[in-house]
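Position 1 is the first residue of the sequence, and the numbers go up from there.
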Amino acid sequence: MTIMLHLKGILTIDQQIRLVEMCREIATVAPFITPVMPSGQPFNCQQTSCGQVGWTSDREGYRYSRTQPNGRAFPAMPDSLADLAIYVARLAGEQSYIPDTCLINYYPATVKSKLGLHQDNTEVNLSPAIISISIGDDCEFLVGGTKRSDPTKSIILRSGDILVMHGQSRLAYHGVKQIIPNTAPKSLLKNGGRLNMTIRQVF
Ligand code: MD3
Ligand code: FE
């Protein structure tokens, strides 16, 4: 049922190092925060974004916002990241992909790091693909169907993998079950853990 393109190990170590540096630069303008869910429960990962909007969660709900909690705009999406997303979207058959934003999730190397089963449905346009880049420690990722109760399967996402969720898989329930410590290529992330960058066309 799911149309997922899993490009295993498609990024070289040099490309992965450049993406880590890109995330560090973005974080100097838009620092990582630990958002809270509408319930008030904090996420078990840290987040920031770049692009014309950023994904935000707080007591008010889940949404894309033009501003960070500190009132400032998000940094622009670097051209190299937008170009990579446009290239990968073409591989999945999407020829007019517009990368509006990249949500960056950082999962520290602790057993608590996870992301519960959810659907990505706060985009205004739910058709375009979501492109996910994994860097750092391996993660056990769960993907199910379009109903929360559908059975899930487990996939390992490794550093340098790109996953493209398009077609029917776009609205599949998914989550991060666990981060597997000490599995990253050495010296990529100084404190270990996992970085995930998800590029989205929102509008
Ligand atoms: C399947 N992030 O940010 S990336 C998220 O590893 C998110 O940080 C996870 O889920 C992470 O929303 C998973 C892979 C991914 C991204 C988007 C999807 C899988 C998806 C959208 C639909 C189905
Ligand atoms: Fe998601």
Side-chain angles (χ1 to χ4, degrees), residues 1-11 15-16 19 22-23 35 43-45 47-57 62-64 77 81-107 113-180 194-203:
M1 94 118 241
T2 52
I3 305 179
M4 283 193 314
L5 179 62
H6 188 176
L7 302 166
K8 297 182 187 178
I10 195 174
L11 297 172
Q15 286 177 303
Q16 294 170 54
L19 287 167
M22 180 186 290
C23 290
F43 275 74
N44 291 307
C45 68
Q47 300 185 331
T48 187
S49 292
C50 65
Q52 55 161 319
V53 291
W55 192 79
T56 305
S57 175
Y62 302 126
R63 66 199 176 277
Y64 285 93
M77 186 177 309
L81 185 61
D83 290 348
L84 176 62
I86 289 166
Y87 177 79
V88 169
R90 283 187 84 90
L91 295 180
E94 296 196 12
Q95 261 108 53
S96 46
Y97 193 77
I98 302 170
D100 290 318
T101 183
C102 177
L103 169 62
I104 305 169
N105 294 330
Y106 176 65
Y107 298 87
S113 285
K114 59 184 157 58
L115 186 60
L117 208 62
H118 67 279
Q119 253 179 333
D120 288 15
N121 57 13
T122 52
E123 295 72 29
V124 176
N125 182 350
L126 296 174
S127 299
I130 293 183
I131 297 165
S132 150
I133 301 172
S134 294
I135 299 171
D137 285 336
D138 295 353
C139 104
E140 184 183 358
F141 171 77
L142 296 179
V143 60
T146 54
K147 297 195 306 273
R148 183 178 286 281
S149 58
D150 287 338
T152 58
K153 72 170 189 169
S154 165
I155 294 173
I156 303 293
L157 295 178
R158 296 203 157 86
S159 199
D161 287 5
I162 297 184
L163 191 66
V164 187
M165 309 305 298
H166 63 120
Q168 289 192 79
S169 68
R170 175 61 182 78
L171 289 171
Y173 276 86
H174 59 280
V176 173
K177 190 170 177 200
Q178 61 167 330
I179 305 299
I180 305 160
R194 173 172 180 269
L195 264 180
N196 182 77
M197 307 172 77
T198 48
I199 300 134
R200 297 134 188 273
Q201 176 173 340
V202 177
F203 304 106

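Within the 4.5 Å cutoff, side-chain heavy atoms of L81 are placed close to those of L19. The closest side-chain heavy-atom distance from S154 to L142 is below 4.5 Å. Side chains of D137 and Y107 form no contact here, defined as non-hydrogen atoms less than 4.5 Å apart. M4 places none of its side-chain heavy atoms less than 4.5 Å from the side chain of H174. Using a 4.5 Å heavy-atom cutoff, the side chains of I156 and I180 are in contact. V164 places a side-chain heavy atom less than 4.5 Å from the side chain of I131. Side-chain contact between S169 and V143 is absent, with no heavy atoms from C-beta onward closer than 4.5 Å.
Contact detail for P99 and I199: the closest heavy-atom pair is CB-CG2, 3.6 Å. What you find for M197 and C102 is that their closest heavy atoms are CB-SG, 3.6 Å. Closest approach of Q16 to L11, counting heavy atoms only: NE2-O, 2.9 Å. The two residues S57 and P35 come nearest to each other via the heavy atoms O-CB, 3.5 Å.
At distances below 3.5 Å, at least one donor-acceptor pair connects side-chain atoms of R170 with backbone N or O atoms of D120. T152 contributes no side-chain N or O that, together with a main-chain N or O of G144, makes up a donor-acceptor pair within less than 3.5 Å. A donor-acceptor pair under 3.5 Å is formed between the side chain of T101 and the backbone N or O of V53. A donor-acceptor pair under 3.5 Å is absent between the side-chain atoms of Y97 and the main chain of A85, judged by distance alone.
With values rounded to the nearest 0.5 angstrom, L171 atom CG is found 8.0 Å from I130 atom CD1. Considering NZ of K8 and CG of L163, their distance stands at 10.5 Å, rounded to 0.5 Å. The distance from atom NZ of K177 to atom OG of S113, rounded to the nearest 0.5 Å, is 15.5 Å. Here the CD atom belonging to E140 is positioned 10.5 Å from the CD1 atom belonging to I155, to the nearest 0.5 angstrom. Expressed to the nearest 0.5 Å, how far CD of Q47 lies from OH of Y106 amounts to 14.5 Å. With rounding to the nearest 0.5 angstrom, the CE atom of M77 is 9.5 Å from the CE atom of M22.
In this structure S96 satisfies the side chain to side chain donor-acceptor pair (under 3.5 Å) test with no other residue, sequence neighbours excluded. Every residue two or more places apart in sequence or in another chain was checked for a salt bridge (charged side-chain N to carboxylate O under 4.0 Å, His left out) with R194, and none qualifies. Judged as a side-chain contact (heavy atoms from CB on, under 4.5 Å), and not counting sequence neighbours, the contacts of Y87 are L91. Scanning for side chain to side chain donor-acceptor pair (under 3.5 Å) contacts around T56 gives an empty result, with sequence neighbours left out. Listed by chain and residue number, nothing satisfies the ring pair (Phe, Tyr, Trp, His ring centres under 6.0 Å) test with H6 (two or more places apart in sequence, or in another chain). Take R63 and apply the salt bridge (charged side-chain N to carboxylate O under 4.0 Å, His left out) test, not counting sequence neighbours, and it matches D58.
Side chains of S132 and N196: a donor on one and an acceptor on the other come within 3.5 Å. Between the side chains of Q201 and D100, no donor-acceptor pair of N or O atoms lies under 3.5 Å.
Using bins of under 30°, 30° to 60° and over 60° for the plane-to-plane angle, the ring pair F43/W55 lands in the perpendicular bin.
Between D161 and R158 there is no salt bridge, since no side-chain N of the basic residue sits under 4.0 Å from a carboxylate O of the acidic one.
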Report task. Please step through side-chain contact (heavy atoms from CB on, under 4.5 Å) for the pair V176 and N105, ending with a clear verdict. Result -> CA-CA 11 Å; V176 173; N105 294 330; over 6 Å; no
